[in-house]
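Each chain gets a letter, A, B and so on, in the order the sequences are listed, and its residues count up from 1.
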Protein chains: 2
Amino acid sequence: MSRAFNFCAGPATLPETVLEQARDEMLDWRGTGMSVMEMSHRSDEFVQIAEAAENDLRELAGVSDDYAVLFMQGGASSQFATIPLNLLGSKASADYVNTGIWSKKAIAEAKRYGDVNVAASSEDSGFTTVPDQASWHTRADAAYLHYTPNETIGGLEYDFIPDSGKVPLVADMSSTMLSRPVDISKFGLIYAGAQKNIGPSGLVVVIIRKDLLGMARKETPTMMNYQVIADNGSMYNTPATYSWYLAGLVFKWLKAQGGVKAMGEINYRKAKKLYDFIDTNDFYANPIAPRFRSWMNIPFTLADDGLNGEFLKGANACGLLNLKGHRSVGGMRASIYNAMPEAGVDALIRYMAEFAKERG
Amino acid sequence: MSRAFNFCAGPATLPETVLEQARDEMLDWRGTGMSVMEMSHRSDEFVQIAEAAENDLRELAGVSDDYAVLFMQGGASSQFATIPLNLLGSKASADYVNTGIWSKKAIAEAKRYGDVNVAASSEDSGFTTVPDQASWHTRADAAYLHYTPNETIGGLEYDFIPDSGKVPLVADMSSTMLSRPVDISKFGLIYAGAQKNIGPSGLVVVIIRKDLLGMARKETPTMMNYQVIADNGSMYNTPATYSWYLAGLVFKWLKAQGGVKAMGEINYRKAKKLYDFIDTNDFYANPIAPRFRSWMNIPFTLADDGLNGEFLKGANACGLLNLKGHRSVGGMRASIYNAMPEAGVDALIRYMAEFAKERG
């Protein structure tokens, strides 16, 4: 088969030109006689790759020198523990907003390390909306306020950045990072598992305001101590070098597309097309409040659940892959991250229209 | 440049055929239209890749069903904390043997979680030998006995498996895993960072006797809890899928070479050649007690340290890369893991002989 359109929520499709470059450089990176994955992480060559990736990320996301950028291992799930271990400090508690499955996981893990105040929740609505910030029960003495700007599974995305006052704002941007412009200066800490918009799984990017370093609890594993990772340029131990390199290629690709502003416009257009189609076709439905619909993860249901299998089989046959919804939600989900070409969304809509016409 | 001989201690050289296969499959794994790094970790395709890797590893290393095999993230350094967090249980202390820099790092991290008894140390000798086991002050009530079968930096390797009685034996096999036959049944837990003999960095393989699962301390981060990782087939969160795939390719390659028995014979021959040359040439020296010389990492010094720069420059020029010794030891180090062809060792010896003749 030629390249398919892969709607997987993560690990997710990557830009074809990035994969082509990785392929071409696999046995010999720029005349060194080595693959990047065979290079010492302390070599001039790899340090150059690593620094270029950090600089490009800083430029793309607009990250100032007030922040450290960390390339850590383990994914967002390990950050669920790393964050309270590092940021609770002498504070008794942290605030969390619950808007879906990933929020809940973050909350459950944080509860193991301190008092967690669930400041707001949209669980009663089936996570189809974001609670109005005026109703949040945040606390001025919280160590931080944690939220999940985009819920990958539910397909719910904030259209605002919460105002946390002087309390550091912490965000799991795994599935929205670099998909549109964001004012980083409003955050204390941002983290993002790489396997959606950045690169392969096994890498997590952390952007942390430098004044939040140095507060780790005594029992924090060294490899989870932000201060240690920052002091060592994310090379306290051997980092995930190949994933870091691939992230760097993705950042270069993003810059060539015009950066996150251009990407945001494309992503808005892609998402709007698909939602508009879903809304105007009686056979399909999306349950999320329109204002909070994700640009990245678009769940939808068929009028008849009994046709799900046939829908997926037909989609697979025309190279539209991984449309099955998360097991906790059911139905379908199209994840359309940065690397999903607009042609993929067009092809999906064509298929959906045909399927509805024939089977609806 | 064509492919060089890369003597890096890790990340390290990989088999050329493995890299070729990875290159060829980069954009489309077996007609799926996706790269492996774009696949859902829960897809049939990836589960097949993951299971094949585990099965091949079990076959290669002779791992019985009494053991769980985990593909974790973070490297050996994160295991330094993971091990005491999981294995100390209700015991007051653990025994560690100190034979070099990696032992010391493991000890330092474990001390943060409990009482560590350094049962023996060869630090007085400059880590040039392994203390006779008769002299070890182990304790019958220790939670476990930890040692480092091969010290990557010092180039020191045990030629025996310590007898730990009923105390579980824990080994950091990062730089010796799969390099020769080992009786796994003598161990409670083995761990190995992938970036030497297994694959790219960012992956750590853990082989743990199942009766040692389920003892994690309350404060253990979920992603560090062996029981959780085992219960979820190393997919509690998104694992480092691409590294896992590459490890699988390396395991297939190892099987094609005849497995660890054949590999051990080749490795013995490669190491013997280089040590024999060093011992018979007055210009070079290796400080390690012959019985405990590593088959994997061979440090050596030049008679005149002032020539180190010239030696390295000349080596680079003929495609013999990364021979510089670790900053803590100085001199040179040739890491000759499984994937270093015998021809690489021959080329190194030829270069060393010429250099000694011209400059010695």
Side-chain angles (χ1 to χ4, degrees), chain A residues 1-4 6 8-14 16 19-20 22-24 26-28 31-35 37-41 43 73-78 80-82 85 109 112-113 193 195 199-203 218-219 221-224 236-243 246 319 321-322, chain B residues 1-4 6 8-14 16 19-20 22-24 26-28 31-35 37-41 43 73-78 80-82 85 109 112-113 193 195 199-203 218-219 221-224 236-243 246 319 321-322:
Chain A
M1 167 183 283
S2 59
R3 293 274 298 166
N6 174 16
C8 191
T13 194
L14 287 165
E16 193 164 343
L19 294 174
E20 285 167 350
R23 176 195 64 197
D24 295 344
M26 179 62 84
L27 277 93
D28 182 10
T32 56
M34 289 180 286
S35 176
M37 70 178 83
E38 301 175 302
M39 285 179 188
S40 169
H41 52 299
S43 65
Q73 299 173 60
S77 293
S78 58
F80 294 165
T82 310
L85 279 166
E109 187 77 356
R112 304 179 57 231
Y113 300 99
Q195 68 272 17
S201 57
L203 180 73
K218 200 164 50 67
E219 68 268 29
T222 302
M223 288 285 301
M224 286 184 155
Y236 175 79
N237 83 330
T238 312
T241 52
Y242 195 68
S243 303
L246 282 160
L321 307 185
N322 292 311
Chain B
M1 168 185 281
S2 59
R3 292 275 296 167
N6 173 14
C8 192
T13 194
L14 287 164
E16 193 163 341
L19 293 173
E20 284 167 350
R23 176 195 63 198
D24 295 344
M26 179 61 84
L27 277 92
D28 181 10
T32 56
M34 288 181 285
S35 176
M37 69 179 86
E38 299 176 303
M39 286 179 186
S40 169
H41 53 297
S43 65
Q73 299 173 61
S77 293
S78 59
F80 294 164
T82 311
L85 280 166
E109 188 77 356
R112 304 178 57 231
Y113 299 100
Q195 68 272 18
S201 57
L203 180 74
K218 200 165 48 67
E219 70 265 30
T222 302
M223 287 286 300
M224 285 183 155
Y236 175 79
N237 83 330
T238 313
T241 52
Y242 195 69
S243 302
L246 281 161
L321 307 184
N322 292 312

remark   = Whatever's closer than 4.5 Å to a heavy atom in chain A on B:Ala12 counts as backbone

task = Say whether, by atom type as modelled, one donor and one acceptor occur between the side chain of B:Tyr113 and the main chain of A:Glu219 under 3.5 angstrom.
result = yes

task = For residues A:Leu19 and B:Glu38, report the shortest heavy-atom separation together with the two atoms involved.
result = CD1-OE2, 3.5 Å

message = Please rank B:Thr13, B:Leu85, B:Leu27, B:Asn237 by heavy-atom pairs under 4.5 Å with chain A and give me the top one.
response = B:Leu27

ask   = Between B:Met39 and A:Asn6, is any pair of side-chain heavy atoms under 4.5 Å apart?
value = no

Sequence-distant partners of B:Ser78, side-chain contact (heavy atoms from CB on, under 4.5 Å), two or more places apart = A:Met223, B:Met224

message = Under a 4.5 Å cutoff for heavy-atom pairs, which residue among B:Thr241, B:Thr222, B:Asn322 has the most contacts with chain A?
response = B:Thr222

message = At a heavy-atom distance under 4.5 Å, which candidate from A:Ala9, A:Gly199, A:Ser40 has the highest pair count against chain B?
response = A:Ser40

task = Select one option (side chain, backbone, both, neither) describing which atoms of B:Pro239 are under 4.5 Å from chain A's heavy atoms.
result = backbone

message = Contact between B:Pro11 and A:His41 at the side-chain level, heavy atoms closer than 4.5 Å - yes or no?
response = yes

query = To the nearest 0.5 Å, what is the distance between CE (B:Met34) and CZ (A:Arg3)?
reply = 9.0 Å

request  = Please identify each residue that fulfils side-chain contact (heavy atoms from CB on, under 4.5 Å) with A:Ala240, with sequence neighbours left out.
outcome  = A:Gln73, A:Ser243

message = Would you say B:Arg23 and A:Ser35 are linked by a side-chain donor-acceptor pair, where the criterion is simply a distance under 3.5 Å?
response = no

ask   = Heavy atoms, side chains only, cut-off 4.5 Å: are B:Arg112 and A:Lys218 in contact?
value = no

message = Looking at every non-hydrogen atom in both residues, tell me the closest pair between A:Leu321 and B:Thr32 and how far apart they are.
response = CD1-O, 3.4 Å

inquiry  = Among B:Gly74, B:Gly75, B:Ala76, B:Gly202, which residue has the highest count of heavy-atom pairs closer than 4.5 Å to chain A?
reply    = B:Gly74

